[in-house]
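Input: a single structure, listed below in structure tokens.
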2 protein chains.
Amino acid sequence: MKFGEGTEICGEGEPVEFVYEIVSGAVRTVKVLSDGRREIGGFYFAGDIFGFEDDNEHSLSAEAVVASTVRVIRRRRLVHLAADDRKLAEELLTMAMHEAARAHRHALMLAMTAQERVNDFVLEMAERISVGDLLRLPMSRQDIADYLGLTMETVSRTITGLTVASTISLPYSRTIMLRNRSALEQAMAATPAL
Amino acid sequence: MKFGEGTEICGEGEPVEFVYEIVSGAVRTVKVLSDGRREIGGFYFAGDIFGFEDDNEHSLSAEAVVASTVRVIRRRRLVHLAADDRKLAEELLTMAMHEAARAHRHALMLAMTAQERVNDFVLEMAERISVGDLLRLPMSRQDIADYLGLTMETVSRTITGLTVASTISLPYSRTIMLRNRSALEQAMAATPAL
DNA sequence: CGACGCCTTGATAAATGTCAAACGTCGTGG
DNA sequence: CCACGACGTTTGACATTTATCAAGGCGTCG
């Protein structure tokens, strides 16, 4: 199935009927609060699976960040298949644990400073969708801000700071050239304490 | 196995050899950054399972918040059993998805204001370990702060605010009487946007 | 060419963190 | 039994970070 930019793929509160695998494009999971604030739970790219939840309703809605094609699988069917296929069952478990790990990482990141969050974001995206040192972001500054729990302005200022420090360069606002990965990594205090 | 207060149950970076089920007590998962900041990934209580991760190493260490007894299970054994037991396999999957949901909720909470985080924390703990309207917290203010991404002082001030508003009362610093749950819930703007 | 949306930059305000001190509780020892 | 000391918590004054409000620039698409 295809979804245009900004289109809702599934809505918060809807029953979990399908699981989705992204063929191409990018998807964000979104929660909108009653006062208008918006939070993004995560971004998903080609090859990623989302919408696989245990509860009966989706806890977040999902929207296409850019025009995307998505493979839709019936949840019941998947669970049914897994009952007979040990390997598939293991894959599902692995996937769920990866999702948990990603959410945990997201949570830990949100407890850090704006600078660290942006650094972490750039590194995360670099791992997931960069081509060499070239990173093309499909999402807006507002999307990034809502994912990082910051404002668009703070994100923008922080990115500007990275270009000033020559850690990255920014040929277009959504294209990042990584010039100094170690500077990004090292600015992240995260270290296993001995 | 028994662990005394503050004891490490498993360390960050260690291989994932065991999975743990809490029989009694309380456990926190912890990450310490190189500059001394500490983050708490989650709290676990009697009946909860923790340490079930996919990667080869634990991403966080786990410590007993209070003296606790924990059942230790070999991870390999569990996976092996699940291969033959469809029901167990499903339970594991459900558990992993619940863990993911909890982490997602934690992340969304960290993007909110101090007031909302504390409200959410009180409600979460109320759901998990309160007896009626009486909530006895096993963890210190510092633990709460590290879980909420705030400072101890901010947590303390916010809790004081709740007592002033008669939303709760605080006979002892670690004992909370819930006087007005709806005030807590309503102060949380989280609503499915229509 | 013009208008619109997105991004950046600037000035100021609000929230939260930092540093420091006082308070209370609890356990210990006189 | 009371006094003391240690530790966790609360409170206060002030600093810093980030948000808010507002304006300007820049690129894109009609």
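Each chain gets a letter, A, B and so on, in the order the sequences are listed, and its residues count up from 1.
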Just the rounded figure in Å: distance from [atom2] of [N] to [atom1] of [X].
X: A:Met112; N: C:dG17; atom1: CE; atom2: C1'; result: 17 Å
X: B:Ile176; N: D:dT10; atom1: CD1; atom2: C1'; result: 15 Å
X: A:Arg117; N: D:dT17; atom1: CZ; atom2: C1'; result: 11 Å
X: B:Asp35; N: C:dT18; atom1: CG; atom2: P; result: 10 Å
X: B:Gln115; N: D:dA19; atom1: CD; atom2: P; result: 18 Å
X: A:Leu110; N: C:dT16; atom1: CG; atom2: P; result: 15 Å
X: B:Arg141; N: C:dT18; atom1: CZ; atom2: P; result: 19 Å

Stretch residues 144-157 of chain A: residues that reach within less than 4.0 Å of DNA chain D through a heavy atom: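 Within this stretch, A:Gly149, A:Leu150, A:Thr151, A:Glu153, A:Thr154, A:Arg157 sit under 4.0 Å of the strand.
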
Contact list for DNA chain D against residues 158-174 of chain A - heavy-atom distance below 4.0 Å: none

Pairwise side-chain contact, B:Arg117 with B:Thr158, heavy-atom cut-off 4.5 Å (strictly under):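 When only atoms from C-beta onward are counted, B:Thr158 and B:Arg117 do not touch, as no gap falls below 4.5 Å.
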
same_hphob_cluster([X], [Y]) at 4.5 Å side-chain heavy-atom cutoff:
X: B:Phe50; Y: B:Ile129; answer: no
X: B:Val65; Y: B:Ile22; answer: no
X: A:Val66; Y: A:Phe45; answer: yes

Ring geometry between B:Tyr20 and B:His58 (parallel below 30°, tilted from 30 to 60°, perpendicular above 60°): tilted

Charged N-O contact under 4.0 Å between B:Asp146 and B:Arg28: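 No, this pair does not count.
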
Salt-bridge contact A:Glu124-A:Arg128 (side-chain N to carboxylate O under 4.0 Å): yes

Within 6.0 angstrom of A:Arg86 CZ, more than 12 heavy atoms from elsewhere: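 Open.
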
